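Everything quoted here is computed from the prediction, not taken from an experiment. Scope of the values below: all heavy atoms of this structure, side chains included, with no hydrogens, waters or symmetry mates. Nothing fancy with the numbering, it's 1 onward along the sequence.
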Amino acid sequence: MFKILMPAIVFLILLLLFPSICVEGAGSGLRLWLNTMVPTLFPFLVVTNLLREYKGIPLFERVFSPFLSRLFRIQPGGAYPVILGYLCGYPMGAKAVADCICAKRINRREAGYLLTFTNNPSPAYMSGYVCLYILDSKASRLPLLVITFLVPVITALFSRHFIFPRKKSGPASRMLSSSQASGRHFLSDPSLKAMSVSESEHGNELSGTSKASWDRCLTQACEVLVKVGGFMMLFSVISALVCRIPGLPPMAACIISGLLEQTTGLALLKEQSFSPKIKTVLAMVFVCFGGLSIAAQTYS
């Protein structure tokens with residue numbers, strides 16, 4: 001409690017001392033969320049919610065799991081978060097992992113492994129916003145997309161061998177299906193079991209009509225978007241306060257801002273007169289790291 005209370009008090013003091021800067025930072029974060037994240041995230045959120053609602057996730061698993069299971073050494077239930085994380089970008093990868101663990105398709109260990117490489121920038125975000133708008137370079141789209149997709153693969157290989165090494169087990173246990181393995185682990189976790197029961201009860205109440213399903217999909221999409229927008233505004237305010245530190249060099253302000261909230265850092269980077277190479281390197285650092293704002297969204 002003390003760890004949360006002290007930063008909140010400090011942040012409140014800063015809000016009172018520098019109200020104009022805080023309002024400017026919050027407004028910047030809100031505009032970036034409205035103009036960038038809502039158009040790119042909302043359609044994907046609705047579609048993925050519909051897939052989950054109407055049992056479309058197993059179809060993804062049957063189509064893609066043979067290839068992805070061999071490449072990443074994952075259970076069939078982990079194919080859906082990989083596809084969604086690569087196509088839709090963060091925080092959709094984390095949301096897909098959460099959906100699968102609540103649906104008993106993966107266990108917690110598999111979820112931890114998937115989170116290391118499924119929460120990535122989307123191709124649309126990289127190609128449209130980063131390459132064309134921030135860097136103003138059509139030629140950089142292909143190499144930067146290759147880097148964006150290659151980094152998670154390397155991360156997955158590293159995580160599989162050093163962070164989540166496969167436990168030794170007999171042939172019979174290795175042949176267990178994903179649903180059996182994850183279901184057994186799921187039932188052993190009280191918090192996840194309670195979460196599943198709550199979602200199941202909520203689903204039973206509203207699953208009577210198709211309209212209720214659509215309403216629930218839209219409501220959940222809006223809930224995720226509101227969380228994303230809240231984190232973006234919060235970290236944009238912190239970034240605005242940091243950038244107003246007297247004597248702070250523009251390069252340092254860009255780096256700090258990008259590591260706090262990458263979309264805000266990219267917008268600040270666009271205004272600087274750095275060379276194209278420096279802008280490209282910094283943009284890739286911000287995007288591949290994601291920023292503390294993405295980490296908070298993932299945790300949420």
Are side-chain heavy atoms of Tyr86 and Pro123 found at a separation under 4.5 Å?
no
What verdict does the side-chain hydrogen bond (donor to acceptor under 3.5 Å, both in side chains) test give for Gln297 and Ser293, after you've listed the backbone C-alpha separation in whole Å, the side-chain angles of each residue and the deciding distance to 0.1 Å?
CA-CA 6 Å; Gln297 295 170 34; Ser293 175; 3.1 Å; yes
Take atom CZ of Phe11 as the centre, draw a 6.0 Å sphere, and report whether it contains more than 12 heavy atoms from other residues, nucleotides or ligands.
yes
Please determine whether residues Leu268 and Met232 belong to a single hydrophobic cluster, defined as Ile, Leu, Val, Met, Phe, Trp and Tyr linked transitively by side-chain heavy-atom distances below 4.5 Å.
no
Give me the atom names and distance for the closest heavy-atom approach of Ala240 to Gly25.
CB-CA, 3.8 Å
Could you go through Val287 and Leu266, starting from their C-alpha distance and side-chain angles, then the distance that decides it, and tell me whether this counts as side-chain contact (heavy atoms from CB on, under 4.5 Å)?
CA-CA 9 Å; Val287 169; Leu266 289 170; 4.0 Å; yes
4.5 Å side-chain heavy-atom contact, Tyr90 and Leu41
no
Kindly give the heavy-atom pair with the smallest separation between Leu248 and Ala252, and that separation in Å.
CD1-CB, 3.8 Å
Expected output: side-chain Trp33 to main-chain Phe231 donor-acceptor under 3.5 Å
no
Going by heavy atoms in the side chains, are Thr148 and Met284 under 4.5 Å from each other?
yes
Side chains of Ser213 and Arg216, heavy atoms from C-beta outward: is any pair under 4.5 Å?
yes
Side chains of Asp99 and Pro81 in contact at under 4.5 Å (non-hydrogen atoms):
no
Going hydrophobic residue to hydrophobic residue with side-chain gaps under 4.5 angstrom, can you get from Leu68 over to Leu150?
no
Do Val10 and Leu17 sit in the same hydrophobic cluster, where Ile, Leu, Val, Met, Phe, Trp and Tyr count as joined when their side-chain heavy atoms come under 4.5 Å apart?
yes
Would a distance-only check, ignoring hydrogens and angles, find a side-chain to backbone donor-acceptor pair under 3.5 Å from Ser300 to Ala296?
no
Under the criterion side-chain contact (heavy atoms from CB on, under 4.5 Å), I'd like the reasoning laid out for Gln262 against Val130: C-alpha separation, chi angles, the key distance, then a yes or no.
CA-CA 11 Å; Gln262 56 126 343; Val130 177; 5.8 Å; no
About how many Å separate CG of Leu87 and CG of Asn120, when rounded to the nearest 0.5 Å?
10.5 Å
Contact check, side chains of Thr264 and Phe235, non-hydrogen atoms, under 4.5 Å:
no
Side chain of Ser69, backbone of Ile74: donor and acceptor closer than 3.5 Å?
yes
Is there a side-chain contact between Glu223 and Val226 in this structure, where contact means two heavy atoms from C-beta onward sitting under 4.5 Å apart?
no
Can you list every ring pair (Phe, Tyr, Trp, His ring centres under 6.0 Å) pair that touches residues 113-143, not counting sequence neighbours?
Phe72-Phe117, Tyr113-Phe117, Tyr125-Tyr129, Tyr129-Tyr133
If Ile, Leu, Val, Met, Phe, Trp and Tyr residues are connected whenever their side-chain heavy atoms lie under 4.5 Å apart, and connections chain through other members, are Phe286 and Val146 in the same group?
no
Less than 4.5 Å apart, side chain to side chain, heavy atoms only: is that true for Val151 and Ile154?
no
Give the cluster check for Leu241 versus Leu234: same hydrophobic cluster or not, with ILVMFWY residues linked at side-chain heavy-atom distances below 4.5 Å.
yes
Check: Gln75 main-chain N/O paired with Glu110 side-chain donor or acceptor under 3.5 Å:
yes
For the backbone of Pro276 and the side chain of Thr280, can you confirm whether one donor and one acceptor N or O come within less than 3.5 Å of each other?
yes
Apply side-chain contact (heavy atoms from CB on, under 4.5 Å) to the pair Ile278 and Gln272, showing each step before the final yes or no.
CA-CA 11 Å; Ile278 292 178; Gln272 306 302 319; over 6 Å; no
Taking Asn119 for its side chain and Leu115 for its backbone only, find out whether a donor-acceptor pair lies under 3.5 Å.
no
